[in-house]
Amino acid sequence: MKIRKTGSGAPDKVEQNMTPMIDVVFQLIAFFMFSFKVAAAEGDFSIKMPLAAPSAGQPTQDLLPPIRIRLTAGPGGELSGIRMGERGLPNFNALHNEIIGIVGTQSGPGSLAEAAEVELDVDYNLQYRYVINAITAVSGYAEPSGRVVKLIEKIKFSPPRQPGAQ
Amino acid sequence: MKIHPKREMPSADTDMTPMIDVTFQLIAFFMFVLQFSDAETNERIRLPASELAKPAEAPLAQPITLQLTKEGTVLYAGEELALSRMRPALQRERALLERLKKSISDATIIIRADAETKTGMVQELIRVAQEVGFEKFVMRAMHREEGDK
C-alpha cells in the first residue's frame with residue numbers, strides 16, 4: 001500500500017475570503033452610528049380635564065375646593081405673575097412651599113394631598129413651559145436619592161381664556 | 001545571471017476572530033439603542049423640562065401623540081395641520097378605534113407641545129379632543145436633573 005507523505009503533517013487549510021463580510025459589517029456599524037441619537041428621557045403629567053357638560057345626579061364627593069392658581073403672561077408670553085387664591089407669589093419655589101404648607105409632605109391613600117385638587121387658570125399667551133413649571137411645583141418633588149415624592153396629582157385647567165384677555 | 005525558481009510568497013495570516021467579535025458587539029449595541037419611536041418625535045418640538053418627568057413604567061394602552069409647534073400647528077400622522085383641522089383628524093382616529101372595537105375612553109392623548117407654545121393653544125387642542133370624545137390626556141415633558149437650568 002502506498003502511503004502518501006505529507007510535508008508538515010497538518011491538514012490543508014481552507015482559506016475563506018473574509019473581505020465581503022467585513023465590508024458589510026462595517027457598513028452596518030456606520031449605519032447604526034449615524035442613526036444613533038442620544039435621546040433625553042421623557043415623562044408624562046396626567047391632567048384631569050373637566051367635562052364639557054357637568055354631569056347631573058350625585059354631587060361630587062370632593063370635600064376640598066380646588067386650589068386655584070392663576071398664571072399671568074407679560075409681553076412675549078413671559079410669566080408676569082403667580083397668584084394662589086388671592087395671594088401673589090414671587091416664584092414657583094414659593095408656590096411649591098405654599099402647597100407643602102397646605103397639604104403637608106404626606107402622600108398616599110387617605111392623605112390630604114390625594115384629596116386636594118389644583119385648578120390652573122392661565123393666560124392664553126403664556127408660554128407652555130411655565131405651565132409645566134407650575135405643574136411640577138404642585139405635583140411633587142424629587143429627593144436627592146432620585147425618589148419622587150408626589151403631592152397633588154389632580155390637576156385641571158380652567159376654561160381657556162381668549163387671546164389677549166388678561 | 002542566476003535565475004531563482006518562482007516561489008510562492010509567504011502569506012501573513014491574521015486572526016480575524018477578535019475583530020469580528022468586536023464589530024458584532026458594536027452592531028448589537030447600536031441595534032439595541034436605536035430608537036424605534038422616531039415617528040413620534042420631532043426635532044422641531046423642544047419639550048419643556050421638569051425634574052418630575054420620569055419615563056412611564058408601563059406603556060399607555062392606546063396612545064395618540066399630538067405634537068404642537070410653537071407656531072400653533074399640530075404635527076400628527078406625518079402631516080402638519082392647523083388647529084382648526086384637528087377635529088376631522090381626531091374624528092377619523094375615533095372611527096378607527098371604534099372599527100378596532102377599542103373604547104375611546106381607553107385612548108390617551110399625549111400632548112408634546114413646544115416649551116414656547118402659547119398655553120391657550122394647548123388648551124384649545126385639548127378642548128377639540130374632548131369634544132370629539134377623548135377623555136385621557138397627558139402632557140409630555142423632558143426629564144431634567146434637579147439643579148439643571
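Here is the naming used below: chain letters follow the sequence lines, and residue numbers restart at 1 for every chain.
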How far does NZ of B:Lys118 sit from CD of A:Gln127, to the nearest 0.5 angstrom?
10.0 Å
Heavy-atom pair with the smallest gap, counting every atom of B:Leu52 and A:Ala142
CD2-N, 3.8 Å
Do the side chains of B:Val138 and B:Leu47 join up, straight or via other hydrophobic residues, at under 4.5 Å, putting them in one cluster?
no
State yes or no: do B:Ile20 and A:Met33 share one hydrophobic cluster built from I, L, V, M, F, W and Y residues joined by side-chain heavy-atom distances below 4.5 Å, directly or via other members?
yes
Heavy-atom closest pair (A:Phe45 atom, B:Ala53 atom, distance to 0.1 Å) is CZ-N, 4.3 Å
With only heavy atoms counted, which part of B:Met19 is less than 4.5 Å from chain A, the side chain, the backbone, both or neither?
side chain
Other residues, nucleotides, ligands: >12 heavy atoms within 6.0 Å of B:Arg94 CZ
yes
Heavy-atom contact with chain B under 4.5 Å, split by part of A:Tyr130:
neither
Donor-acceptor under 3.5 Å (B:Thr119 side chain, A:Leu126 main chain):
yes
For residues B:Ile126 and A:Val131: do they belong to one hydrophobic cluster (side chain heavy atoms under 4.5 Å, members Ile, Leu, Val, Met, Phe, Trp, Tyr)?
yes
With hydrophobic residues grouped by side-chain heavy-atom distances under 4.5 Å, do B:Ile45 and B:Met142 end up in a single group?
yes
How far apart are the C-alpha atoms of B:Met121 and A:Tyr128, what are their side-chain angles, what is the distance that settles it, and do they pass the side-chain contact (heavy atoms from CB on, under 4.5 Å) test?
CA-CA 9 Å; B:Met121 291 174 172; A:Tyr128 176 63; over 6 Å; no
Is B:Leu83 reachable from B:Leu75 through a run of hydrophobic residues whose side-chain heavy atoms are each under 4.5 Å from the next?
no
For the student: nearest non-hydrogen atoms of A:Ile132 and B:Ser50, plus distance
CG2-CB, 3.9 Å
Could you please spell out the steps behind the side-chain contact (heavy atoms from CB on, under 4.5 Å) verdict for A:Phe32 and B:Ile27?
CA-CA 7 Å; A:Phe32 284 119; B:Ile27 289 178; 4.1 Å; yes
I'd like to know if the side chain of B:Gln123 reaches the main chain of A:Arg161, judged simply by a donor and an acceptor atom lying under 3.5 Å from each other, with no hydrogens or angles considered.
no
B:Met139 and side-chain contact (heavy atoms from CB on, under 4.5 Å): which single residue from A:Ile135, A:Ile155, A:Asp44 fits?
A:Ile135
Closest heavy-atom pair, B:Ala49 versus A:Asn133, reported as atoms and distance to 0.1 Å, is O-OD1, 4.1 Å
